[in-house]
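Here the structure is laid out as structure tokens; the discussion comes afterwards.
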There are 2 protein chains.
Amino acid sequence: MAKSKPTAGRPARPSRRKPKTRPASGLSRERIAAAAMALVDREGLAALSTRRLGSELGCEAMSIYHHFPGKTHLMDALVDLMLKAAEVPIIGEQGWLERLRRAAHGFRAMALKHPKFFPFFATHRLNTPAGVAFIDGIIGILRDAGFSDRDAATYFREIGYYLTGAALDETAGYARGPSAAEPVSGEMIAANFPHLAAAAPYFQPQHFQATFETGLEILLDGIWQAHRSRRRAP
Amino acid sequence: MAKSKPTAGRPARPSRRKPKTRPASGLSRERIAAAAMALVDREGLAALSTRRLGSELGCEAMSIYHHFPGKTHLMDALVDLMLKAAEVPIIGEQGWLERLRRAAHGFRAMALKHPKFFPFFATHRLNTPAGVAFIDGIIGILRDAGFSDRDAATYFREIGYYLTGAALDETAGYARGPSAAEPVSGEMIAANFPHLAAAAPYFQPQHFQATFETGLEILLDGIWQAHRSRRRAP
DNA sequence: AAATCAGACTTACACCGTAAGGTCGGAGGG
DNA sequence: CCCTCCGACCTTACGGTGTAAGTCTGATTT
């Protein structure tokens, strides 16, 4: 960024003439992306249209196109915004297992910070700058631990599978209410699906944290075991 | 396409008068849903619009609304279609662990049968009839194994997280090509992200199966261990 | 034969993303 | 000082979307 350079406009502008026709709204990629994310957080992905975003910003829809070539690019910016704000702690002094654990918790926290946006995030490859940096960091933890490239790739993926699925369920799953047009009724479930009925209470949000953690620990433990046996019998 | 046509004969309709204005296309929920799924399989989710589907079926867009109250209901039907065609093998003579494993593989096979549709599937709660039946079956395996309702719910979720994430990656992930509007280039990755560059070869489709299986086995093994210790020290 | 009705079609509306081109205010050079 | 240029924003328009409302038509029922 820093494209605007010296002038920076703002300071020392004594002009008392208020430009009535041109409000100098001062659009920018950052401001547009921030407004878009706020809109999604507030009203959901479906509310994010160029016209709606324009009215949110106090400009016309097409003005956005001066800063982003298309909506796709704006969505990319949102992905990057989310990842950067997350500041998933990848580096640190702890051992590799603990760093992996913290990165996983950081990922979940990031998703929960923007639950309405996460379904988009999950269904799009994040090969944006911040995205590849994030991925590189996680794989780095595994490679630093001494895993082969193949094992690092495999375990990265498996943890990623789990994290994606977990965050998707917590942000878009049952706890957010039914999504089918004609959801199966509670009575129907109670009458015909005893197993689901018995488990249903534990699908409530207050159990999310514990469920997430025990599952993550199973995975991490499995990876840790593989690490041990690898050192013992190469 | 085939819109005019010879009636295709509903049985025993001797009327020689060809109804020129009304082609007797014979729409039905099943036929519409099947055509919709075929269209998605062929051209992707974005191609599924009411008008396009109508032209595929040889009818007008609004005719579909006589069989489905809205597009949402049609999407529900697709979810159910996918689940029913999967026939995920939940019951069987094997032990609970093996049944769990087979259900997991069945889920993955189902996703891979309709890769273009799966992202929709993953981001929508499947509280349709076939959906709850499926869920009930999996939880039933765990409860039959002797797990408490709480543990059954927890392990069901954790397996579900993994399956969803894995299928999402295989159907919509890197292997399907970049999705960002301006993806980070390969040279950029090679130059600045050594860990990702080292792992990238193992992100190719030929490694999907092995990655999926070792991760699943880690999870199943963890659940199996919990089952053992539970019997030993209740 | 008249009335009813299911199953299609037609029209229309409000929204979407965006291509193309217009307009205006300030900056820079003569 | 004027004039040109240009970045930033606006206007208009097009083809797409889902769908509410109304219409037509042939078959079935009475």
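Side-chain atoms are counted along with the backbone in the values below, which use heavy atoms only and exclude waters and symmetry mates. So that the names make sense, note that chain A is the first sequence line, chain B the second, and so on, each numbered from 1.
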Let's go through L74(B) and Y65(B) carefully: what are the C-alpha distance in whole Å and the side-chain angles of both, what is the deciding distance for side chain to side chain contact (heavy atoms under 4.5 Å, CB included) to 0.1 Å, and is it a yes or a no? CA-CA 10 Å; L74(B) 171 59; Y65(B) 282 77; over 6 Å; no
From CA spacing to verdict: side-chain hydrogen bond (donor to acceptor under 3.5 Å, both in side chains), H67(B), R29(B): CA-CA 6 Å; H67(B) 302 265; R29(B) 287 178 60 95; over 6 Å; no
Evaluation steps, side chain to side chain contact (heavy atoms under 4.5 Å, CB included), between F118(B) and M82(B): CA-CA 9 Å; F118(B) 189 79; M82(B) 189 170 170; 3.9 Å; yes
Might you work through the salt bridge (Lys or Arg N to Asp or Glu O under 4.0 Å) test for R51(A) and E56(A), ending with a clear yes or no? CA-CA 9 Å; R51(A) 283 172 241 259; E56(A) 208 83 7; over 6 Å; no
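One side chain, D41(A) or H114(A), offers a donor N or O that lies under 3.5 Å from an acceptor on the other.
Contact annotation: H66(A) side-chain N/O to dA8(D) OP1/OP2 distance is under 4.0 Å. Between H67(A) and dC9(D) there is a side-chain polar atom (N or O) within less than 4.0 angstrom of OP1 or OP2.
For E60(B) and dC9(C), the CD to P distance is 5 Å, given to the nearest whole Å. In this structure, the CD1 atom of I32(A) is 11 Å from the P atom of dA8(D), given to the nearest Å. Taking atom CZ of R31(B) as the reference point, atom C1' of dA8(C) lies 13 Å away to the nearest angstrom. Regarding M75(A), its CE atom lies at a distance of 11 Å from the P atom of dT18(C), rounded to whole Å. Atoms OH (Y65(B)) and P (dC13(C)) sit 18 Å apart, rounded to a whole Å. Counting to the nearest Å, the C1' atom of dT18(C) and the CD1 atom of I64(A) are 12 Å from each other. In this structure, CG of L74(A) is placed 14 Å from P of dC16(C), rounded to the nearest angstrom. Distance F68(A) CZ to dG17(C) P: 14 Å, rounded to the nearest Å.
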Could you write out each protein N or O paired with an N or O of nucleotides 13-17 of chain D at a distance under 3.5 Å?
residue, atom, partner, partner atom, Å
dT17(D), OP1, S49(B), OG, 2.6
dT17(D), O4, R51(B), NH2, 3.3

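At most 12 heavy atoms of other shown residues, nucleotides or ligands fall within 6.0 angstrom of atom NZ in K84(A).
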